[in-house]
Structures are given as structure tokens and as C-alpha cells.
Amino acid sequence: MFTTQDAHWMARALELARRGRFTTSPNPAVGCVIVKDGQLAGEGFHRRAGGPHAEVFALRAAGEAARGATAYVTLEPCSHHGRTPPCAQGLIDAGVARVVAAMVDPNPQVAGRGLAMLQEAGIQAEAGLMTEAAEAVNVGFLHRMRTGRPFVTLKLAASLDGRTALANGESKWITGPAARRDVQRHRAQSCAILSGANTVLMDDAALNVRWQELPASLRHDYAEAELRQPLRIVIDTQNRLHAGLRLFAQPGPVLLLRGEVTGGFGDEVEECVLRLSASGKLDLELLLDELGRRQLNHLWVEAGATLGGALFTAGLVNELIVYQAPMLMGNPARGLLALPEFTAMSQPPRLAWQDCRLVGGDLKLTARVID
């Protein structure tokens with residue numbers, strides 16, 4: 001049975017975990033708090049893959065006070081040797097008396113073994129406190145561990161009548177500056193950004209994170225070198241992209257999916273030949289399988305109605321984020337998603353609202369796709 005004090009300290013551990021959400025990929029963001037006699041003894045969070053885990057930072061801060069203490073951690077302590085030693089063993093060696101985890105780690109290399117290791121050492125170890133909040137911190141990592149694929153968020157900007165661009169393709173700008181800054185925050189938390197050649201060519205889109213547009217409060221924990229750029233992935237079936245685009249002028253890795261490899265884009269650009277389905281189109285399921293093998297947790301999609309609709313129709317979108325502007329663009333303007341015709345109201349896919357808020361002068365709607 002968990003107490004109100006347990007909930008208080010786990011809430012602090014979750015707050016710490018969120019501070020690592022920009023830099024830990026492909027690892028999860030984890031926070032840890034160590035409490036002795038009702039007082040904070042040490043705390044920490046995982047900063048980056050390959051670096052010490054949250055438990056290590058918290059134990060260092062606690063020192064000898066960790067003996068006999070309770071450790072609150074947002075994800076089950078790891079039990080295996082990776083780039084760092086197992087955290088479960090570190091907690092055992094420090095002499096903690098109790099470990100409370102928000103949730104069991106679905107990673108097959110852990111999956112309950114960390115808690116079992118602690119219990120075998122005589123430590124009271126339990127999980128299940130504030131699990132829903134812990135799931136929200138690492139939705140991408142947990143989805144990849146469970147399915148082998150990244151969690152896919154499809155971002156759309158639309159008018160009140162559901163239009164994303166004028167008939168001539170012009171779309172700058174439907175939403176206001178605050179919404180565009182909010183997009184930068186989502187890009188920064190994603191492992192990769194997916195788009196199509198049409199979008200890149202129409203907007204000369206760089207698809208990078210403009211860190212200077214994010215609040216300083218979101219950047220103060222990190223040195224500039226730690227603020228990574230997500231992998232930018234562009235589907236270019238007809239080999240139309242060229243080296244003069246802004247996409248290639250910005251630092252950061254790029255993956256081009258093309259009809260043929262041509263080269264000439266620079267050292268940070270990887271070209272792959274498209275893997276096509278029997279119908280001659282890009283096999284999007286194989287693409288997501290490959291991104292999962294590359295340990296990408298969260299895929300952020302900024303694309304036109306065709307690619308967005310294809311992902312949605314294939315059942316590969318997990319979440320929709322729509323920034324809706326208070327304007328009307330008219331019937332000739334371009335629609336939100338290219339979806340197949342439905343002939344009965346039982347056919348359209350159903351979504352569940354997750355959040356609704358104002359961002360500047362625009363409405364931000366978040367919905368999860370119901371499995």
C-alpha cells in the first residue's frame with residue numbers, strides 16, 4: 001500500500017525525469033529520489049544515453065545517507081550490463097531498504113528482473129505508483145519496447161474549416177508564432193522527423209529544431225553540445241531533392257528514401273533506395289520496422305495530406321496533434337488528410353481526446369488513435 005508521502009516523492013521523481021526528455025534517446029527519461037527519515041537525501045535524472053542513470057546521480061548525492069533509505073524511481077531499475085552497470089546492483093550495494101518504482105520496464109532485458117534482483121537481496125521492492133504519469137513521460141520508448149516500432153505523432157496545422165493550404169499550395173502561415181514555437185518543442189523531444197519531398201520543396205523546409213525559439217527554462221539543464229538534432233527523414237520517390245535546399249544546409253543527420261542513390265549531399269546524409277510494396281508504393285510498415293531497429297522511439301510527422309493519409313490509413317499513426325487557426329480558407333483549399341471514401345458511419349477511425357488548449361491565438365487539439 002502506497003502512502004501520500006510515497007506519492008509526494010514519486011511526483012518529484014517524475015518532475016526530474018521530464019528534464020531528460022530532450023537528450024536521453026534511445027534510452028528512457030528516468031528520475032530518482034532517495035529519502036531518509038522523511039527527508040530528501042539525494043536526487044538525479046538520466047541526462048543522456050551512455051551516461052550514468054538516474055539512480056547513480058541520486059546515490060552519489062545521498063552518499064552514506066542512502067543506507068536504510070527509500071529510493072523512488074520512475075522506471076524499474078535495470079538489471080543488465082549495457083553501457084553502464086546495472087542500477088539494481090548499485091541500489092543493493094548502497095544499502096537502500098526499499099525501492100518504489102512507478103512501473104515495470106517492458107524492455108525484455110529487464111521486464112521484472114530488476115525488482116526480483118532487489119527482492120532477492122532482501123530489499124522491499126514494489127511497482128505501480130503513478131504508473132499512468134510514468135507512461136506519459138516515456139510514451140515513445142515504451143511503445144518501441146512493446147511493438148518494435150516508434151510511436152508516431154502526426155502534426156497538422158489547419159483552418160477552422162479543416163484546410164491546410166490554399167489551392168496553389170501556399171500555407172505560410174496558418175498558425176501564429178506561439179504555435180510554431182510549440183512545434184519546436186515537440187520536434188526537440190522526438191527522435192526523428194518524417195516528411196515528403198513535396199513539403200520540403202514547397203516550403204524549403206529545414207525540419208530542424210530551432211533551439212533558440214524554446215524557452216530558456218527548457219534548455220538550462222544542458223550544455224549546447226548535448227542538444228541534439230533529430231534524424232530528418234524525407235521520402236523522395238522521384239529524386240527531386242537537390243543539395244541547394246535548406247534541409248542540407250543545417251547541421252544534423254538526414255535520411256533520404258529515394259528511387260536511386262545519387263550522392264553529393266554531404267557526410268551527414270544517408271541515402272537508401274525505397275522499399276516498395278506490391279502496389280509500387282513505399283511500404284510504410286517496413287519503414288517503421290527499420291526505424292524501430294534503429295532504436296528510434298518517437299517519430300514526428302510533418303507532411304502533406306497524401307503521406308499523412310497513407311500513414312493513417314495503414315494504421316501506423318498513434319497520435320494526432322492539430323493546431324487549428326481561427327480562419328476560414330474555403331472549399332478550393334487543400335484538405336487535412338487524403339483518406340479513402342467511407343460508406344458507413346461505422347467505418348471512420350475513432351480517436352480519443354487527450355488534450356485541448358489555446359496556444360497563442362490557436363487551438364491545439366491532441367487525440368490518440370483508438371486501437
Side-chain angles (χ1 to χ4, degrees), residues 21-22 136 139-140 150-196 198-200 202-215 217-218 230 232-234 246-247 298-313 316-339 348-370:
R21 64 195 184 278
F22 296 121
V139 62
F151 185 89
V152 177
T153 298
L154 175 59
K155 170 259 177 183
L156 298 162
S159 61
L160 192 59
D161 53 348
R163 304 299 175 176
T164 59
L166 298 177
N168 62 10
E170 184 180 348
S171 61
K172 290 186 176 180
W173 293 102
I174 294 175
T175 55
R180 298 198 294 275
R181 285 194 298 271
D182 194 58
V183 168
Q184 294 302 311
R185 181 175 60 85
H186 282 289
R187 284 183 179 183
Q189 294 179 73
S190 301
C191 302
I193 300 168
L194 175 66
S195 192
N198 280 343
T199 298
V200 172
M202 179 68 69
D203 300 333
D204 194 13
L207 300 177
N208 62 327
V209 177
R210 297 187 290 274
W211 287 101
Q212 70 277 8
E213 295 185 18
L214 294 175
S217 60
L218 296 180
R232 292 166 291 165
I233 307 168
V234 182
R246 283 202 313 137
L247 178 76
H298 200 152
L299 179 65
W300 176 259
V301 182
E302 294 188 31
T306 300
L307 177 55
L311 286 164
F312 203 93
T313 301
L316 301 176
V317 174
N318 304 108
E319 178 181 69
L320 278 175
I321 292 182
V322 182
Y323 296 90
Q324 194 164 40
M327 68 166 66
L328 299 170
M329 297 172 66
N331 286 343
R334 300 184 181 185
L336 201 65
L337 291 173
L339 297 176
R350 297 290 177 175
L351 298 93
W353 293 119
Q354 301 295 303
D355 191 51
C356 175
R357 67 182 64 196
L358 278 174
V359 179
D362 302 310
L363 192 62
K364 179 183 180 184
L365 304 169
T366 304
R368 290 280 176 87
V369 178
I370 300 173

Can you name the residues that form a side chain to side chain contact (heavy atoms under 4.5 Å, CB included) with Ala192, not counting sequence neighbours?
-> Leu231, Ile233, Leu296, Leu299
Is the Trp211-Phe22 ring centre distance short of 6.0 angstrom?
-> yes
Side chains of Arg163 and Leu336 in contact at under 4.5 Å (non-hydrogen atoms) | no
Got a sec: does the CG of Asn168 have more than 12 other heavy atoms crowding it under 6.0 Å?
-> yes
State, yes or no, whether a side-chain contact exists between Pro349 and Phe312 at a heavy-atom distance under 4.5 Å.
-> yes
When rounded to the nearest 0.5 angstrom, what distance separates CG in Leu311 from CG in Leu337?
-> 9.5 Å
Of all residues at least two apart in sequence or in a different chain, which pass the side chain to side chain contact (heavy atoms under 4.5 Å, CB included) check with Thr199?
-> Ser195, Asp203
If the plane angle is over 60° it's perpendicular, under 30° parallel, otherwise tilted; pick one for Trp300 and His186.
-> parallel
Polar contact flag, side-chain donor to acceptor under 3.5 angstrom, Gln354-Thr366 = no
Can you name the side chain to side chain donor-acceptor pair (under 3.5 Å) partners of Arg357, sequence neighbours left out?
-> Asp355
Non-hydrogen side-chain atoms of Ile370 and Leu351 separated by less than 4.5 Å | no
Take Arg181 and Glu213, measure what salt bridge (charged side-chain N to carboxylate O under 4.0 Å, His left out) needs, and give me the verdict at the end.
-> CA-CA 6 Å; Arg181 285 194 298 271; Glu213 295 185 18; over 6 Å; no
